[in-house]
Amino acid sequence: SPKPLSYSDYFMAVALLSAKRSKDPNTQVGACIVNQENKIVGTGYNRMPNGCDGELPWAHTGPKLERKYIYVCHAELNAIINKSKADMNGCTIYVTLFPCNECAKLIIQAGLSEVVYLSDKYHDEDETIASRRMLDLAEIPYSKNRLLVFISSVESSSF
Ligand SMILES: O=c1[nH]c(=O)n([C@H]2C[C@H](O)[C@@H](COP(=O)(O)O)O2)cc1CO
Ligand SMILES: [Zn+2]
């Protein structure tokens, strides 16, 4: 008999699949927002702003204006903006990489209630420390998903 995926693994798998849409050659990030009825209300991945795709650099080294960082829209931002429901209150965001400080602000201000992440590869960066500080103060719990079922079929780039 089939062994159904848990909700947590299912939504993280959707986030992982969303990440596969990203053109970032170094880190593909995906996000999936789920409401209290376990319905998906938004997905996103890191990408350049609308109309700018193909015109902006994806490099992560070099001069600041020729690096991706000041241009790229993070997966969490896109998932929140792409939401198919007005109210994010009570929703959980599944994200393949622990949110940065800017995304933590978005998550808090959008009224999200919980964060589930997969990779924590920037755990010791200031942005991540600041992110945890704000999420803790806002009492938004975060936990690591241990998606084992599909992990072997996913490229290691996001981890
Ligand atoms: O929370 C996040 N969400 C998100 O979409 N990203 C994106 C921005 C960049 O395109 C990429 C990080 O690039 P890199 O690992 O090469 O520094 O991941 C990065 C973070 C946190 O670092
Ligand atoms: Zn971010």
Side-chain angles (χ1 to χ4, degrees), residues 8-34 40-84 88-89 91-147 150-151 153-159:
S8 183
D9 284 354
Y10 170 49
F11 296 132
M12 189 56 81
V14 171
L16 273 169
L17 191 60
S18 305
K20 291 295 190 182
R21 285 276 308 150
S22 177
K23 293 180 182 171
D24 191 322
N26 198 49
T27 306
Q28 292 178 304
V29 184
C32 174
I33 298 174
V34 178
I40 294 170
V41 297
T43 58
Y45 53 92
N46 52 329
R47 59 178 301 167
M48 292 304 175
N50 291 336
C52 306
D53 198 28
E55 308 299 324
L56 294 171
W58 277 112
H60 66 281
T61 54
K64 191 168 180 181
L65 287 171
E66 296 310 318
R67 282 184 271 166
K68 63 189 169 183
Y69 297 105
I70 50 178
Y71 306 110
V72 70
C73 299
H74 286 196
E76 300 90 325
L77 180 149
N78 292 317
I80 289 168
I81 294 292
N82 290 345
K83 67 186 186 289
S84 44
M88 293 262 118
N89 272 311
C91 289
T92 298
I93 185 164
Y94 290 79
V95 61
T96 60
L97 178 60
F98 196 93
C100 72
N101 59 312
E102 293 298 335
C103 291
K105 294 180 219 176
L106 273 170
I107 287 165
I108 294 166
Q109 300 306 72
L112 293 171
S113 296
E114 190 179 345
V115 175
V116 181
Y117 63 94
L118 200 54
S119 167
D120 199 13
K121 69 174 181 172
Y122 296 129
H123 182 272
D124 298 325
E125 299 291 330
D126 286 347
E127 287 77 4
T128 313
I129 294 168
S131 176
R132 285 195 297 273
R133 186 176 183 174
M134 290 186 280
L135 292 172
D136 287 343
L137 289 168
E139 297 184 351
I140 296 176
Y142 43 89
S143 57
K144 189 172 173 66
N145 169 279
R146 300 185 184 279
L147 179 57
F150 288 147
I151 223 84
S153 64
V154 175
E155 285 165 36
S156 59
S157 63
S158 353
F159 309 97

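As the structure lists them, so they are numbered: ligands from 1, and atoms in each ligand from 1. Not measured: the values here are computed from a predicted model. Note: hydrogens, waters and symmetry copies are ignored here, and every other heavy atom, side chains too, is used.
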Can you confirm whether P49 sits close enough to L56 that some side-chain heavy atom of one is under 4.5 Å from a side-chain heavy atom of the other? yes

So is H60 polar-close to ligand 1, meaning N/O to N/O under 3.5 Å? no

Would you mind checking which non-hydrogen protein atom is closest to atom 10 (O) of ligand 1, with the distance to 0.1 Å? D24 OD2, 2.6 Å

Option set S22, C100, G44, criterion heavy-atom distance to atom 21 (C) of ligand 1, minimum: C100

In short, ring pair (Phe, Tyr, Trp, His ring centres under 6.0 Å) pairs touching residues 95-124 with sequence neighbours left out are F98-Y117, F98-Y142

Proximal ligand 1 atoms for V29, defined as those under 4.0 Å from one of its heavy atoms: 3 (N), 4 (C), 5 (O), 6 (N), 7 (C), 18 (O)

For V72, counting its heavy atoms only, list the atoms of ligand 1 lying under 4.0 Å from any of them. 8 (C), 10 (O)

Please report the interatomic distance CG(N46) to CG(L77), rounded to the nearest 0.5 Å. 11.0 Å

With nothing but distance in play, are any N or O atoms of A75 less than 3.5 Å from an N or O of ligand 1? yes

CZ/R132: more than 12 non-hydrogen atoms of other groups inside 6.0 Å: yes

From K23 atom NZ to K68 atom NZ, the distance as rounded to the nearest 0.5 Å: 14.5 Å

Quick check: does any side chain N or O of D53 sit under 3.5 Å from a backbone N or O of R47, one acting as donor and the other as acceptor? no

Atom 19 (C) of ligand 1 [closest protein heavy-atom partner, distance rounded to 0.1 Å]: H74 CE1, 3.7 Å

Point-to-point distance, once rounded to the nearest 0.5 Å, from SG of C103 to CG of L135: 10.5 Å

CD1-CD distance between I33 and E76, expressed to the nearest 0.5 angstrom: 9.0 Å

closest protein heavy atom to atom 17 (O) of ligand 1 is Y69 OH, 2.5 Å

Do L112 and I140 come close enough that some side-chain heavy atom pair is under 4.5 Å? no

Work out whether the distance between some heavy atom of Y45 and some atom of ligand 1 is less than 4.0 Å. no

Ring pair (Phe, Tyr, Trp, His ring centres under 6.0 Å) partners of residues 46-81, not counting sequence neighbours, each pair once: none

Taking the side chain as every heavy atom from C-beta outward, state whether D24 and V29 have any atom pair closer than 4.5 Å. no

Measure the distance from atom 13 (O) of ligand 1 to every protein heavy atom, then report the residue, atom name and distance (to 0.1 Å) of the closest one. K68 NZ, 3.0 Å

Nearest-0.5 Å distance, CG of residue L137 to CD1 of residue I108: 8.0 Å

Among protein heavy atoms, which sits nearest to atom 3 (N) of ligand 1, and what does the distance come to when rounded to 0.1 Å? E76 OE1, 2.9 Å

Ligand 1 atoms in contact with P99 (distance to a heavy atom under 4.0 Å): 1 (O)

Which of the numbered atoms in ligand 1 are under 4.0 angstrom from any heavy atom belonging to F98? 1 (O), 21 (C)

Spacing of CE belonging to M48 relative to OG belonging to S22, to within rounding of 0.5 Å: 8.5 Å

Against heavy atoms of Y122, which atoms of ligand 1 measure under 4.0 Å? 14 (P), 15 (O), 17 (O), 22 (O)

Give the residue, atom name and distance (to 0.1 Å) of the protein heavy atom nearest atom 7 (C) of ligand 1. N46 ND2, 3.5 Å

I want to confirm something. Looking only at heavy atoms, which of T27, V95, N26, T128 is nearest to atom 16 (O) of ligand 1? N26

Without placing hydrogens or testing angles, list every side-chain donor-acceptor pair under 3.5 Å for residues 10-19, not counting sequence neighbours.
residue, atom, partner, partner atom, Å
S18, OG, V14, O, 2.8

Atoms of type N, O or S from protein under 2.8 Å of the Zn ion (ligand 2), total 3

